[in-house]
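One structure is given below, encoded as structure tokens.
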4 protein chains.
Amino acid sequence: MVTDCKRERILTAALEIFSTQGFANTTVQEIAAKAKVGKGTVYTYFATKEDVLIDLLDEGLAHMGKHIEERIKLLTDSGMKLRAILREQLRYFHNNRPLMRLLSREAWGQELGSSSIAHRIRSSYIKMLQEVIDKGIEAGELRALDSETVATALYGMVSLVALYAKDITCEAKLEHVEMTLQELFFQGVALSPAF
Amino acid sequence: MVTDCKRERILTAALEIFSTQGFANTTVQEIAAKAKVGKGTVYTYFATKEDVLIDLLDEGLAHMGKHIEERIKLLTDSGMKLRAILREQLRYFHNNRPLMRLLSREAWGQELGSSSIAHRIRSSYIKMLQEVIDKGIEAGELRALDSETVATALYGMVSLVALYAKDITCEAKLEHVEMTLQELFFQGVALSPAF
Amino acid sequence: MVTDCKRERILTAALEIFSTQGFANTTVQEIAAKAKVGKGTVYTYFATKEDVLIDLLDEGLAHMGKHIEERIKLLTDSGMKLRAILREQLRYFHNNRPLMRLLSREAWGQELGSSSIAHRIRSSYIKMLQEVIDKGIEAGELRALDSETVATALYGMVSLVALYAKDITCEAKLEHVEMTLQELFFQGVALSPAF
Amino acid sequence: MVTDCKRERILTAALEIFSTQGFANTTVQEIAAKAKVGKGTVYTYFATKEDVLIDLLDEGLAHMGKHIEERIKLLTDSGMKLRAILREQLRYFHNNRPLMRLLSREAWGQELGSSSIAHRIRSSYIKMLQEVIDKGIEAGELRALDSETVATALYGMVSLVALYAKDITCEAKLEHVEMTLQELFFQGVALSPAF
DNA sequence: CATGAATGAGGCTTCATTCAT
DNA sequence: AATGAATGAAGCCTCATTCAT
């Protein structure tokens, strides 16, 4: 944001292209072109094409982690915490779609150093969710369901909706989607509990 | 299954490697080696490396489509249909993890011919879910939430749990996970509706 | 000679170019072009550009070693052996000028894997010379000079003359040069011993 | 020597690296680093990387030329001149091993501008030797051998011994090597003239 | 003068695809 | 049908050189 040196330009360009074409289908040439720098300049700031990806994931996701935890730590009630997490994750994914799409893409591979990063990041995030849920269950605020499954499910529903939905074109629609997810996650789709 | 000719061997090998290394990081050589055929033989059955991927996704997903729709069409109740879908999708993803991981990986890109396939397949599947949910709402069996969001969320939670959970080591655990998801999706995590 | 497959063509082409331009100034493209094969074909036979050089030195020099030792082992007299060595080395260097020029070039570097080969080869050859000289001294056939220095000097004078002389255009001239070297090495340039 | 400005530092650094890694394997970066100047500074003093090499060879060898000719011109006897040349060349090569190794390396190529310099320098030096030898023969001081061959041989034996011998660790050993070469060159290795 | 960030030409290597056997 | 040697387009990366500070 502030520092608009070449390094930032390269990261921004790389993010955009990686997230649409995937890491392997992107050439350093393309990144340099979109960043409006020479091909060689990329190598002034990054040792390797993969390093660009790693830095992108590292920096971006450290940011999401901090961002969300900040919003949560003030809340004491587990239910409230979960509601806040759902809300913030949805918005973070939506506001950083290219980065999060990239994360989703690369997290499924296994061999590259990059994938393990994406994988690790997702794991630690889900673990955090699980802990919040566990506390909610202990506190008698939430139903005693398997917390790991619920945490993973929460992550999955929010991220897919955020990345997939094409019609979230304005704040109003985003809020509508959020409300739907909150209802779904906390109350379910069934009309009556007896269902 | 029955036909163990080279074509199958190639598809099986490709699936395994694609799903772990990604399409772009896999060489035709590797596929041929794992399939124990000559490199040229791959081109006897497929015009292109990408065609291997496309056939893989096409066949595999057509299969999932048929598989799930078969289980549903006998059911008339929308809630029951959704329960069956959740159950079958979970199991199908779990039983075909490499293929579904591949689908998840490649579906996030946009430019490649392959991605559009993965994307298209996922879209049509979610659309099907949405229709079931819509009918359930019309029939007064489900809460009147935004059906597209709910459909996407359902897809997201099930697929992520199926692909992500490492501890589903036996049928019993799989059933436990399924039950958790069913509870979550239909009743939510909140203890009381008033929550 | 006999096997004129691509591998030989590549080695022959590489030798010619390496020996004139040096290893580092030669492109794989050039080698392929002179060998009349595709650029990629070079990599069917050699893992690396450097491997081409190594194979070249390895094969070529193993050949020289065998060639010369064969001519010597029948001789018993040390003086005769040395005369034969001088003769054969001169001729071998002369007949394989490109290869030996390459050896001389690359043997002076130190870092590359290739150089160490060239270096090693030269060392073992000189050691062999030294042993012959030592025996000659012990047998009272040669003057008791420092054998290592003499061996190195012999190698140096023969190889430089062979590679450097431009006017060795026919067998007669080659024999004249050889005679000169034999006289020089065995009798020296001084007119009288008392000099 | 006296002028220790950046130019000297660059030449010194370049010499050391060129002589071990070869010209083509050395980067301007490395030279600048070892000379403790900025990369750009190299271009303040030299137009081109190759110019560094050329200057190095030019200056260094002009120096050797002057050095040796100075020692010779006072001597009238051809034999004495040759003895002095052998002595001085051996010492000069030994004292300036990196430079002379560089000369030997680069003199074997032909295409580069640099090589032709190295080549030219060596040629003119050998020509000088040849003239001395010719005069010695005319004066009846030396045997009437082919002077070009003898000159080349002398150059070859001295330079190889100087660059190759690893055990010349002190002045005494150097003198011993010199004595051996003098004996060898003037009297030969044979015990009796009748050999 | 001194510097090093910026650049792009060029090299090595990989790999999808072809084709003769 | 099956093969793998052959190919060249294309990508990553290096590095000599320039130039603004």
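Throughout, protein chains are lettered first and strands after them, A, B, ... in sequence-line order, and every chain is numbered starting at 1.
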Quick one: side chain to side chain contact (heavy atoms under 4.5 Å, CB included) partners of [X], sequence neighbours excluded?
X	value
Thr48(C)	Glu50(C), Asp51(C)
Thr27(B)	Gln29(B), Glu30(B)
Lys36(D)	Arg9(D)
Tyr43(C)	Val28(C)

Between Tyr164(A) and Ser159(A), is any side-chain donor less than 3.5 angstrom from a side-chain acceptor? no
Send over the distance from [X] [atom1] to [N] [atom2], rounded to a whole Å.
X	N	atom1	atom2	answer
Lys49(D)	dC15(F)	NZ	C1'	8 Å
Arg7(B)	dA1(F)	CZ	C1'	15 Å
Asp51(A)	dT14(F)	CG	P	11 Å
Gln29(A)	dA9(F)	CD	C1'	15 Å
Asn25(A)	dA10(F)	CG	C1'	13 Å

In this structure, which stretches of DNA chain F are paired as stems of three or more consecutive Watson-Crick or G-U pairs, both distances less than 3.5 Å? E:2-21 with F:2-21
side-chain hydrogen bond (donor to acceptor under 3.5 Å, both in side chains) against Asp55(B), all qualifying residues, sequence neighbours excluded: Arg7(B)
Just to verify, what does Thr12(C) make a side-chain hydrogen bond (donor to acceptor under 3.5 Å, both in side chains) with, not counting sequence neighbours? none
Return the residues of residues 36-46 of chain A meeting this criterion: a heavy atom under 4.0 Å from some atom of DNA chain F. Order them by number, or give none. Lys39(A), Tyr43(A)
Sequence neighbours excluded, the answer for ring-ring contact (aromatic ring centres under 6.0 Å, His included) partners of Tyr45(B) is none
How would you list, by chain and number, every residue that makes a ring-ring contact (aromatic ring centres under 6.0 Å, His included) with Phe18(A), sequence neighbours excluded?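 ring-ring contact (aromatic ring centres under 6.0 Å, His included) check on Phe18(A) returns Phe23(A).
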Can you pull the contact range of chain B along DNA chain E, 5' to 3', using atoms under 4.0 angstrom from its heavy atoms?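 It runs dC15(E) to dT18(E).
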Specify the residue among Ala24(C) and Ala47(B) whose closest nucleotide of DNA chain E lies further upstream toward the 5′ end.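 By nearest-heavy-atom nucleotide position, the 5'-most residue is Ala24(C).
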Considering only residues two or more places apart or on different chains, which pairs with a residue in residues 15-28 of chain C satisfy salt bridge (Lys or Arg N to Asp or Glu O under 4.0 Å)?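 Found Glu16(C)-Lys34(C).
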Taking every non-hydrogen atom, the tightest pair across Leu102(D) and Leu56(D): CD2-CD2, 4.1 Å
